[in-house]
Amino acid sequence: MDKQDTDGLPANEVGAWTQEKHERLRKYVDSSHGARRRFKSRTCTYVDLYCGPGRSWIRETGVFIDGSPLIAFDSAATHGDQFTEILIADARPDYVAAAEKRLQTRGAKVQSFRGEAHAVVDQVIAALDPDGLHFAFLDPYNLGTLPFSVIEKLASVKRMDLLIHVSAMDLKRDLHNYVRPNGPDDLDFFAPGWREHVNTKRRQDVVRQDIFEYWRSLIKSLGTSPNDCIEVVENSKSSDLYWLVFVSRHPLAHKLWQAIANVSPQSRLF
Ligand SMILES: C[S@@+](CC[C@H](N)C(=O)[O-])C[C@H]1O[C@@H](n2cnc3c(N)ncnc32)[C@H](O)[C@@H]1O
């Protein structure tokens, strides 16, 4: 359920664990400030294709917190190496409008796109400096709204690092449906060709892991690398909620991710 924040704009409801995800985003943006400094004369862009409204409220406590685009913007300011531009998109136009307003209020230069990630990704890429330095955060609710084509297109940009939220919960909860011969096609969007590469007769946790590994292999085939250090965030019952996967071509970016991943007591290496 959405609530109105004090600025009169919507805030979406989230679980307390969202703060883990935000912490990783905050830390990576902060720790990569040196790379942005080296690109000062060009553009350094933050891209958020599932940006949400820019503010959320925590179900368990009622506390209001910043959402990903505002976190990225504020974190980039820490060492004075701000993104030159923030590109946001979301399937909900009211969320995009709210996030844009909130970013502008804090002084950000924003370009906004309304629509589903697969529909806007080409426009977003066309708006990027091909020689710039870019960082995209992909934070969908579920696997069906994270088509591989979006990752493929973003990864075709020369200097594009990605932090991707993969819903482990979705894979767990709906695996029995996905593996049915005529089941929902969400996984076909997420990891095209998975049926030819995963033996669905194995134990469910193995199938889950095999699908995830197949998806990582698809990313590798694009000429970029998913880091082996996968951040796992669990709920209070110790079930995996999601995996955070960092993807880059650049060894230094991987080093930075490894230094900040897995720092909370709750998380562990995959
Ligand atoms: C987990 S929330 C994003 C939260 C935000 N990244 C943050 O941390 O504050 C997922 C967002 O994806 C949006 N969404 C759902 N389906 C989408 C799609 N196919 N393409 C783009 N956005 C979508 C929802 O409206 C929602 O705002």
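Whatever order the structure lists them in is the order used to number ligands and atoms, beginning at 1.
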Indicate yes or no: does Lys158 engage Asp129 in a salt bridge with an N to O separation below 4.0 Å. no
Nearest non-hydrogen protein atom to atom 9 (O) of ligand 1, with distance, is Ser68 N, 3.0 Å
Does a donor on one side chain and an acceptor on the other come within less than 3.5 Å for Glu100 and Ser112? yes
Protein contact to atom 10 (C) of ligand 1 [nearest heavy atom, distance to 0.1 Å]: Asp139 O, 3.3 Å
For ligand 1, indicate whether the residue Pro53 contacts it via side chain, backbone, both or neither (heavy-atom separation under 4.0 Å). neither
Evaluate the side-chain contact (heavy atoms from CB on, under 4.5 Å) criterion for residues Val206 and Asn199: first the C-alpha distance (whole Å), next the side-chain angles of each, then the deciding distance (0.1 Å), finally the verdict. CA-CA 9 Å; Val206 178; Asn199 178 357; over 6 Å; no
Under 4.0 Å between heavy atoms, the region of His22 that gets near ligand 1 turns out to be side chain
Establish, from distance only, whether the side-chain atoms of Tyr46 and Asp48 form a donor-acceptor pair under 3.5 Å. yes
Sub-3.5 Å N/O-N/O distance, Ala91 and ligand 1: yes
Of all the non-hydrogen atoms in the protein, which one sits nearest to atom 3 (C) of ligand 1, and at what distance? Tyr50 O, 3.1 Å
Taking the six-membered ring for Trp, are Phe246 and Tyr28 parallel (under 30°), tilted (30 to 60°) or perpendicular (over 60°)? tilted
Using a 4.0 Å cut-off to any heavy atom of Gly52, which atoms of ligand 1 qualify? 27 (O)
Heavy atoms, side chains only, cut-off 4.5 Å: are Phe83 and Lys109 in contact? no
Before signing off on this row, confirm whether Asp48 and ligand 1 have an N or O atom pair separated by under 3.5 Å. no
Nearest non-hydrogen contact to atom 20 (N) of ligand 1 from the set Ala117, Ala99, Ala11 belongs to Ala117
In the protein, which heavy atom is nearest to atom 16 (N) of ligand 1, and how far is it? Thr145 CG2, 3.7 Å
The option among Val121, Val150, Asp90 carrying the non-hydrogen atom nearest to atom 26 (C) of ligand 1 is Asp90
Gly67 heavy atoms, cut-off 4.0 Å: which ligand 1 atoms fall inside? 9 (O)
Using a 4.0 Å heavy-atom threshold (strictly under), name the region of Tyr95 that reaches ligand 1: side chain, backbone, both or neither. side chain
Ion pair check, Arg92 and Asp90, cut-off under 4.0 Å: no
How close does the nearest protein non-hydrogen atom get to atom 2 (S) of ligand 1, and which residue and atom is it? Tyr141 CE2, 3.5 Å
Is it the side chain, the backbone, both or neither of Thr18 that has a heavy atom closer than 4.0 Å to ligand 1? neither
